[in-house]
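All values reported here derive from a predicted model rather than from experimental measurement. Note on naming: letters A, B, ... go to the chains in the order of the sequence lines (proteins, then strands), and numbering restarts at 1 for each one.
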2 protein chains.
Amino acid sequence: MVTLSDVAKAANVSKMTVSRVINHPEQVTPELRSLVENAMAQLDYHPNSIAQALVNNRTNVVKFITFEDIDTTEPYYMNLIFGVARELTKKQYALQLVTDRTQIEEGRTDGYLITGARSSDYEMFDDLKKPFILFGENHRGFDFVDTDNQKGVKLATEYALSRLYKRIIFIGIDLKEPFEYSREAGYINTSQKHQLIPQIYRISNHSHAAQKLIEEHFAEFKKDTCFICASDRIAIGVERQLQAEGARVPEDFGVIGFDGVFLDQVANPKLTTIRQPIFKMGELLATMLLQKIAQSGSPQGEVLLEPTLIRRGSTR
Amino acid sequence: MVTLSDVAKAANVSKMTVSRVINHPEQVTPELRSLVENAMAQLDYHPNSIAQALVNNRTNVVKFITFEDIDTTEPYYMNLIFGVARELTKKQYALQLVTDRTQIEEGRTDGYLITGARSSDYEMFDDLKKPFILFGENHRGFDFVDTDNQKGVKLATEYALSRLYKRIIFIGIDLKEPFEYSREAGYINTSQKHQLIPQIYRISNHSHAAQKLIEEHFAEFKKDTCFICASDRIAIGVERQLQAEGARVPEDFGVIGFDGVFLDQVANPKLTTIRQPIFKMGELLATMLLQKIAQSGSPQGEVLLEPTLIRRGSTR
DNA sequence: TTGTATGCGTTATCAG
DNA sequence: CTGATAACGCATACAA
């Protein structure tokens, strides 16, 4: 293993000069600097992040907390985690995936990324001794990253109208959480702007719950209705049950999902959906947390990323 | 932060005694030991894994390599990763998720978990300077963990026959990889045992490829046929297209999937499937790698875990 | 601007 | 069986 000392010897300087070239290059003369840089390149030197971590009282580990009531097999989270991982790896950080509440405080970490937290979990955050960033809207002032949920549903609603569906029904998730309220707000505002009376159903986030809903209410639905769903998982069930009822998708009924990860492509026809930039959100989460750590906890703010409409076969 | 020294002071012993209580408790007298243990409990002492890592020349990081041609949004991998993470966290290890080939050698790690590797990737393993375990069968002598693929398909085939389907067709994945050969072998052997002539199709692992296959060949399929699929992803497409063709599932046609993670439940009716113990496989991967690291690279062998048949609505 | 000494928290080595 | 000392690789504080 090549160490600072090796580089120092090779460059005929002290260890400190090498260290400075890495951390405070402006404090060393250009001549020495290039000398050291050459030596580093020649020896293929890479700082030992463990030693750095020890002396800086860092762990180079970030905990990724997933609250339990979440379905960790959701493809959604996979993308998020890979986004997070990508940024972390760049900075020689590693990830500790935590689903067990007791593991949250145990062990060492420089900070937390928290996802799937419900309002009822918020009080626990006060106990956290390290910086954290939430994944998902909240109105308590915690730093967070999310999609612009309101805008996403607005895009969907307007697109449905532009495809000449006459009625728009929103099928949301029965959770009293900010992200759901935002999505509903996007629907309600856009509906009213077009003189439509909003109609909302709320169900659990499962394809079979969606199927049941459509099955029970199918008689009430008229042709030229578009269903805007709060998730692809719901949309996939809606689409399937509409077909089972003998309805034509997309000719008579449109279906629009939300998320745009994996499931939209398993559907048939593939779903028109609002795609969240989930990978990018993961990267951003990591970037923000790393910065917060570097700045010893300074607030990073609230960031909403732009969703995009993906046009596919479930709308005409 | 509570350190060894703090505990040592509290217990009126030297740091080394405390260290020994942790690492070699048999080397210290019971009296001193309990004294130290009390002090540790009282102060809520936890070893600083970074300092341990430094002195042991460890990183406490394991790289999880996913080769690129893999769809990282597959729910499948999510479960695997959480299984891995669970074991690692117990030992204060963290994870570095790597999809970028250039990142494999970069940075520090104590070992590798490799998934999605194709035969063509194997030569790269020789360059690895740290221990590694593969996820997925191979016949090159590399340590691995996998499901007993052959047995899984055997279970499926025998179950289909027991449900009185008269013809069994296997729809595999068009990959020349050991896991696929094993699954086909499970089908072929069981078929022949029952005097049936094997019939195999091979397609890419996508629901739409499966739909296309069924659509093109539907006329050839007779009633009382059961399709055994090499993945739930394929099964979901088979089931859907059978229904689209007006066939009755499960009455006239049966469908059995493979994997048993998430997708089997998105289907309608839910899939009868061969469930792989994926979470457990993840845990085992981590356990084996950690052990291999501790034993400075000694072989851990090849482990096949038992799959289980899940009976659901896609078979009668 | 550069170098020396010291310490981060732990463990291995060797002496007592 | 127990303790003092050095070492892991690096960075901060201070001296030159």
Rounded to whole Å, please give me the gap between CG in A:L35 and P in C:dT1.
17 Å
Would you call the rings of A:F142 and A:Y122 parallel, tilted or perpendicular, taking 30° and 60° as the class edges?
perpendicular
Could you state the interatomic distance from NZ (B:K15) to CZ (B:R20), rounded to the nearest 0.5 Å?
12.5 Å
For the pair A:D143 (side chain) and A:G301 (backbone), establish whether a donor and an acceptor sit closer than 3.5 Å, ignoring hydrogens and angles.
yes
Approximate separation, where rounding is to 0.5 Å, of B:L32 CG and B:T17 OG1:
6.0 Å
Check for a donor-acceptor pair, side chain of A:R58 on one end and backbone N or O of A:S49 on the other, with a separation under 3.5 Å.
no
Rounded to the nearest 0.5 Å, what separation is found between the CG atom of A:L289 and the CG atom of A:L88?
7.5 Å
With no hydrogens and no angle check, is any side-chain donor or acceptor of A:N138 less than 3.5 Å from a backbone partner on A:R140?
yes
Rounding to a whole Å, what distance do you find between B:I50:CD1 and D:dA11:P?
14 Å
Using 30° and 60° as the class limits, which term best fits the ring planes of B:F135 and B:Y76: parallel, tilted or perpendicular?
tilted
DNA chain C in dot-bracket form (Watson-Crick or G-U pairs under 3.5 Å, [ ] crossing, | inter-strand) is ||||||||||||||||
Closest to the B:T29 side chain: D:dT2, D:dA11, D:dG3?
D:dT2
Quick check on C:dA12: is either OP1 or OP2 less than 4.0 Å from any side-chain nitrogen or oxygen of B:S19?
no
How many whole angstroms separate atom CZ of B:R33 from atom C1' of D:dT2?
14 Å
Check the phosphate of C:dA12 against B:H24, side-chain N and O only, distance under 4.0 Å to OP1 or OP2. Yes or no?
yes
For the pair made of CG in B:N12 and C1' in D:dT2, what is the distance, rounded to whole Å?
14 Å
Sugar-phosphate only, base, or nothing, as touched by B:E26 at under 4.0 Å among non-hydrogen atoms:
sugar-phosphate
Would you mind classifying the nucleic acid contact of A:L32 as base, sugar-phosphate or nothing, using non-hydrogen atoms under 4.0 angstrom?
sugar-phosphate
Using atom names, set out every protein N or O paired with an N or O of nucleotides 5-9 of chain C below 3.5 Å, distance rounded to 0.1 Å.
none

Looking only at non-hydrogen atoms, find the nearest pair between A:T3 and A:Y45 and report the distance.
C-CE1, 3.5 Å
Between the protein and nucleotides 14-16 of chain D, list every N/O to N/O distance that falls short of 3.5 Å.
none

Give, for atom CG of A:N48 and atom CG of B:L54, the distance between the pair rounded to the nearest 0.5 Å.
6.5 Å
Under 6.0 Å from the six-membered ring centre of A:F132 and within 45° of its axis: does the NZ or CZ of A:K63 meet both?
no
